[in-house]
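Note: hydrogens, waters and symmetry copies are ignored here, and every other heavy atom, side chains too, is used. Nothing here was measured: the structure is a model prediction, and the numbers come from that model.
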Amino acid sequence: DLSKFALAQFDTTNIAMALTRKKTYEHSENLALGLGWHLIKKNGYEYVWHNGATGGYISSMGLDMENKNAVIILLNISAYHSNSSRVSSITFDLLRTLQ
């Protein structure tokens, strides 16, 4: 259940979850990687994010650790659908509206 996973990420006493957000690789000033997560700086905000796709299914999850907000998007469309690239940007747009 992704909502429980998001809540676990917000638990400051959960050391294992904190390790997933620890920077292990820095790609650029605005993009680094933790253990399985993208650490993104976008429009003055910092997000923890990941997405994925498989046959007929797309997902995206973004976390705003400072404000303890999460957005989870689950769609039953193919990664090859003409709108599939918009899922990630919608995730960040929704996180911004929660701030």
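Grouped with L98 in one hydrophobic cluster are L31, I40, Y45, Y47, W49, I58, V71, I73, L75, I77, V87, I90, F92, L94, L95, the linkage being side-chain heavy-atom contacts under 4.5 Å among Ile, Leu, Val, Met, Phe, Trp and Tyr residues. Grouped with L19 in one hydrophobic cluster are L35, the linkage being side-chain heavy-atom contacts under 4.5 Å among Ile, Leu, Val, Met, Phe, Trp and Tyr residues.
One finds the NE2 atom of H81 at 10.0 Å from the CG atom of N76 (value rounded to the nearest 0.5 Å). The distance from the CH2 atom of W37 to the CG atom of L39 is 10.0 Å, given to the nearest 0.5 Å. Summarising the geometry, atom CG belonging to L7 is positioned 11.0 Å from atom CG belonging to L2; distances are rounded to the nearest 0.5 Å. Taking OG of S3 as the start and CE of M61 as the end, the distance is 8.0 Å to the nearest 0.5 Å.
When every heavy atom of A70 is checked against every heavy atom of L63, the shortest pair comes out as CB-CD2, 3.6 Å. Pairing each heavy atom of A79 with each of S84, the nearest pair is O-OG, 2.7 Å. Taking every heavy atom of both residues into account, L74 and S59 meet most closely at CD2-CB, 3.7 Å. When every heavy atom of H38 is checked against every heavy atom of L33, the shortest pair comes out as ND1-CD2, 3.3 Å. Taking both residues in full, the closest heavy atoms of T24 and G34 are given as OG1-O, 3.7 Å, listed atom of the first, atom of the second, then distance.
Between the R21 side chain and the Q9 main chain, a donor and an acceptor come within less than 3.5 Å of each other.
No side-chain heavy atom of I72 sits under 4.5 Å from any side-chain heavy atom of F5. Between K23 and E26, some side-chain heavy-atom pair lies under the 4.5 Å cut-off. Side-chain contact check for K42 versus N30: every heavy-atom pair is 4.5 Å or farther apart. D11 places none of its side-chain heavy atoms less than 4.5 Å from the side chain of M17.
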Worked check of side-chain hydrogen bond (donor to acceptor under 3.5 Å, both in side chains) between Q99 and D64 | CA-CA 9 Å; Q99 294 170 336; D64 173 356; 2.9 Å; yes

